Chemist: 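What follows is a structure written as structure tokens; I'll ask about it next.
If you're wondering where the values come from, they're calculated on a predicted model, not measured in any experiment. All heavy atoms count here, side chains included; hydrogens, waters and symmetry mates do not. Count residues from 1 along the sequence. Order of listing sets the numbers, starting from 1, for every ligand and every atom in it.
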Amino acid sequence: MNLSLFDDDDYAAIGPAPLVPGTTASTLLRGFALPAVTQLLQGLDAIVQAAPLRHMATPGGLRMSVAMSNCGQLGWVTDARGYRYVRQDPASSEPWPAMPPGFLQLAQDAAQAAGYPGFLPDACLVNRYLPGARMALHQDKDECDFTAPIVSVSLGLPATFLFGGNARSDKAVRIALVHGDVVVWGGADRLRFHGVAPLKDGEHALLGSQRINLTFRKAL
Ligand code: MD6
Ligand code: FE
């Protein structure tokens, strides 16, 4: 089913643009994931069946409003012992589900389009936002190698992405991310603070009342 006025490929053809003015290290690829959505949703179903979405606790003991799972060799977790990557799902003690080939291909294509050829992610964090869920400003710094970018795929309800600076106190720019958008993030921007404003209520034709975010990382 084609729910847009344009072919999926027309969106992909809009081409890379800086996420915010003044940087070339972070790129917004509007609609880049649209041709892969069917594959992504199939893969997602299998992943959350094997490794169900769950609300993890921060090291400070707060329940996160975003529900999370992972696929790939490594998965990001948080609990009383801190933030880290682990090879097994703590809920099952099984390895995380493998990263589906279509996920890897999309992440590599997006990284290449944004000027980061040779990206080989070993971790994909799955985030589910229901209305009201949010992500506080944070840095992604649990990975070993900050030379690799992060590729972030948005599906479902629109969200306001908050893109700050290298200090927590730097003012954040607000960027609307919609279904199919991909953000690639690296280089000089790799440690910038960022977050997601509370998700507004709504109904998405394919995903219903939720937003799914996939972030691909090279954790090792
Ligand atoms: C989200 N994303 O969009 C949360 N991190 O749901 C992130 O925290 C994120 O989108 C690093 C790079 C891109 C991101
Ligand atoms: Fe992040």
Chemist: Could you tell me which non-hydrogen atom of Ala219 sits nearest to which non-hydrogen atom of Asp122, and how far apart they are?
Modeler: N-OD1, 2.7 Å

Chemist: Search all heavy atoms of Ala67 against all heavy atoms of Leu53 and return the closest pair with its distance.
Modeler: O-CD2, 3.8 Å

Chemist: Return the OH to OG1 distance between Tyr116 and Thr27, rounded to the nearest 0.5 Å.
Modeler: 6.5 Å

Chemist: Which of the N/O/S atoms in Asp140 sits closest to the Fe ion (ligand 2)?
Modeler: OD1

Chemist: Compute the shortest N/O to N/O distance between Asp140 and ligand 1 and return yes if it is under 3.5 Å, no if not.
Modeler: yes

Chemist: Which value, rounded to the nearest 0.5 Å, describes the distance between Leu40 atom CG and Leu155 atom CG?
Modeler: 6.0 Å

Chemist: Nearest 0.5 Å, please: how far is NE2 in His138 from NE2 in His194?
Modeler: 3.0 Å

Chemist: For the 3.5 Å polar cut-off, considering only N or O atoms, please tell me whether Tyr129 and ligand 1 meet it.
Modeler: yes

Chemist: Where do Cys71 and Pro100 come nearest, in terms of heavy atoms and distance?
Modeler: SG-CD, 4.0 Å

Chemist: What atoms in ligand 1 come closer than 4.0 Å to a heavy atom of Arg211?
Modeler: 1 (C), 3 (O), 6 (O)

Chemist: Tell me the angle that NE2 of His194 and NE2 of His138 form around the Fe ion (ligand 2), rounded to 10°.
Modeler: 80°

Chemist: Specify the protein heavy atom at minimum distance from atom 2 (N) of ligand 1: its residue, its atom name, and the distance to 0.1 Å.
Modeler: Asn213 OD1, 3.8 Å

Chemist: Please identify which atoms of ligand 1 are closer than 4.0 Å to at least one heavy atom of Val196.
Modeler: 1 (C), 3 (O), 4 (C), 6 (O)

Chemist: Nearest to atom 8 (O) of ligand 1 by heavy atom, Met68, Arg128, His138, Met135: which?
Modeler: His138

Chemist: Indicate the atoms forming the closest heavy-atom contact of Phe161 with Leu19, along with that distance.
Modeler: CE2-CD2, 4.4 Å

Chemist: Tell me which protein heavy atom sits closest to atom 10 (O) of ligand 1, plus the residue, atom name and distance to 0.1 Å.
Modeler: Ser152 OG, 2.7 Å

Chemist: Say whether His194, considering both its backbone and side-chain N or O atoms, lies within less than 3.5 Å of an N or O atom on ligand 1.
Modeler: yes

